[in-house]
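These notes are about the structure you will find just below.
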There are 2 protein chains.
Amino acid sequence: MKDVISEILKNNQLSVTENRLKILELFQKNGKALSHGDIEKMSGKHFDRVTIYRTLQTFVDKGIIHTIPTADNSIMYALCKDTCSEGHHHDDHVHFLCEECGTTYCLDNVTIPQVTIPKGFSVHQTNVLVNGICKNCR
Amino acid sequence: MKDVISEILKNNQLSVTENRLKILELFQKNGKALSHGDIEKMSGKHFDRVTIYRTLQTFVDKGIIHTIPTADNSIMYALCKDTCSEGHHHDDHVHFLCEECGTTYCLDNVTIPQVTIPKGFSVHQTNVLVNGICKNCR
DNA sequence: TTAATTTTGCAACACTGTTGCAAAACTTTA
DNA sequence: TAAAGTTTTGCAACAGTGTTGCAAAATTAA
């Protein structure tokens with residue numbers, strides 16, 4: 001397990017540090033999107049706030065995790081699929097936010113529908129956020 | 001003009017104050033989504049920060065404006081259509097963010113496409129955010 | 001005009017995120 | 001394995017964003 005995570009770091013030309021291993025492990029274990037605050041709590045205040053911010057930013061830059069826009073003004077992060085690389089994200093899936101438990105899921109199998117945009121507008125990226133109740137909360 | 005805005009306030013059981021008139025007027029004039037910061041600047045520092053926050057919150061509660069989730073962790077607000085009322089928003093349109101000028105548009109004529117969600121999940125609301133270049137910036 | 005209610009501004013605070021810099025950890029090389 | 005070079009971390013300090021309590025001011029109702 002640790003080895004697999006180490007590999008991810010090495011493949012991205014990143015030093016293997018306790019902090020990075022721990023944060024990547026949290027994403028792998030939880031299988032859902034996490035906020036900076038979530039990680040700070042889960043890591044048992046072991047790492048400095050600033051370090052966590054920088055680590056998340058590094059991971060986003062490297063295409064290891066992606067950010068998810070949310071309605072309540074908090075940035076969420078989730079693991080990318082293998083198709084993402086440095087500077088090139090391909091996270092074309094729908095995000096689901098459960099209003100009951102607050103969990104944010106990446107629905108990897110649900111693709112973004114085509115949206116027809118008025119003449120004169122050109123589209124780079126489309127984000128779809130769905131709010132509702134997840135399968136564990138009903 | 002002022003009278004129309006006053007009416008909106010009265011219809012929602014809100015006192016007609018200089019602050020509220022000004023903020024509603026800014027939304028009407030600009031015809032695009034505004035952040036708290038935008039309003040603070042545009043109102044010429046005439047009103048207290050706190051007052052602006054509270055006014056925006058009041059308007060959201062009353063169904064006069066709605067919030068727009070954004071990727072960069074800032075809350076945007078835009079006028080609702082007449083179909084919204086206290087506690088019942090019906091803002092089922094696509095939002096477009098121009099990466100050039102930063103303007104957020106409500107594309108009222110573009111309806112949210114149907115998204116197929118896995119079994120066990122129930123949907124309350126769907127938000128679609130499109131990033132790209134708007135018609136004024138190309 | 002006065003009384004009752006609502007809204008505002010101020011002060012103070014909490015939370016989130018950023019930057020610079022020296023110390024510590026990690027990687028590379030021999 | 002140890003030393004040198006590089007990267008990462010923790011600390012301190014700060015900026016921006018948003019919230020709360022409370023007394024003063026403005027608005028509405030009488």
inquiry  = Can you tell me whether the side chain of Arg49(B) and the base of dG9(C) have a donor-acceptor pair closer than 3.5 Å?
reply    = no

inquiry  = Can you confirm whether the side chains of Thr55(A) and Asn19(A) place a donor and an acceptor under 3.5 Å from each other?
reply    = yes

Short N/O separations, protein against nucleotides 19-25 of chain C, under 3.5 angstrom:
| residue | atom | partner | partner atom | Å |
| --- | --- | --- | --- | --- |
| dG20(C) | O6 | Arg54(A) | NH2 | 3.4 |

inquiry  = Rounding to an integer number of Å, can you tell me how far Asn19(B) CG sits from dT6(C) P?
reply    = 17 Å

ask   = Is there a donor-acceptor contact under 3.5 Å linking the side chains of Asp38(B) and Ser35(B)?
value = yes

request  = Check each of His88(A), His90(A), His95(A) against His66(A) using the ring pair (Phe, Tyr, Trp, His ring centres under 6.0 Å) test, and report the only one that passes.
outcome  = His95(A)

query = Can you check the Glu40(A) CD to dG10(D) P distance for me, whole Å?
reply = 12 Å

remark   = Separation of dT9(D) atom P from His46(A) atom NE2, nearest Å, is 13 Å

Consecutive-pair stems (at least three Watson-Crick or G-U pairs, under 3.5 Å) that include DNA chain D = C:1-30 with D:1-30

key: Closest to side chain of Phe47(A), choosing from dG18(D), dT27(C), dG10(D)   = dG10(D)

ask   = Between Leu14(B) (CG) and dA29(D) (C1'), how many Å, whole number?
value = 16 Å

query = What are the two closest heavy atoms between Ala33(B) and Ile68(B), and how far apart are they?
reply = CB-CD1, 3.7 Å

message = What is the distance, to the nearest angstrom, from the CG atom on Asp38(B) to the P atom on dG16(D)?
response = 15 Å

request  = Write down the atom of Tyr77(B), the atom of Phe27(B), and the distance for their closest heavy-atom approach.
outcome  = O-CE2, 3.1 Å

Gap between atoms OH and C1', on Tyr53(B) and dA11(C) respectively (whole Å) = 16 Å

message = Both His36(A) and Ser15(A) contact DNA chain C. Taking the nearest nucleotide for each, which residue is further toward the 5' end?
response = His36(A)

ask   = Less than 4.5 Å apart, any side-chain heavy atom of Met76(B) and any of Leu97(B)?
value = no

remark   = Separation of dT28(D) atom P from Lys10(B) atom NZ, nearest Å, is 7 Å

inquiry  = Please determine whether a side-chain nitrogen of the Lys or Arg among Lys22(A) and Glu18(A) lies less than 4.0 Å from a carboxylate oxygen of the Asp or Glu.
reply    = no

key: Side chains of Asn136(B) and Cys101(B) in contact at under 4.5 Å (non-hydrogen atoms)   = no

task = Could you check how far CG of Asn12(B) sits from P of dT27(D), rounded to whole Å?
result = 19 Å

ask   = So do Phe59(A) and Asn12(A) actually touch side chain to side chain, heavy atoms under 4.5 Å?
value = no

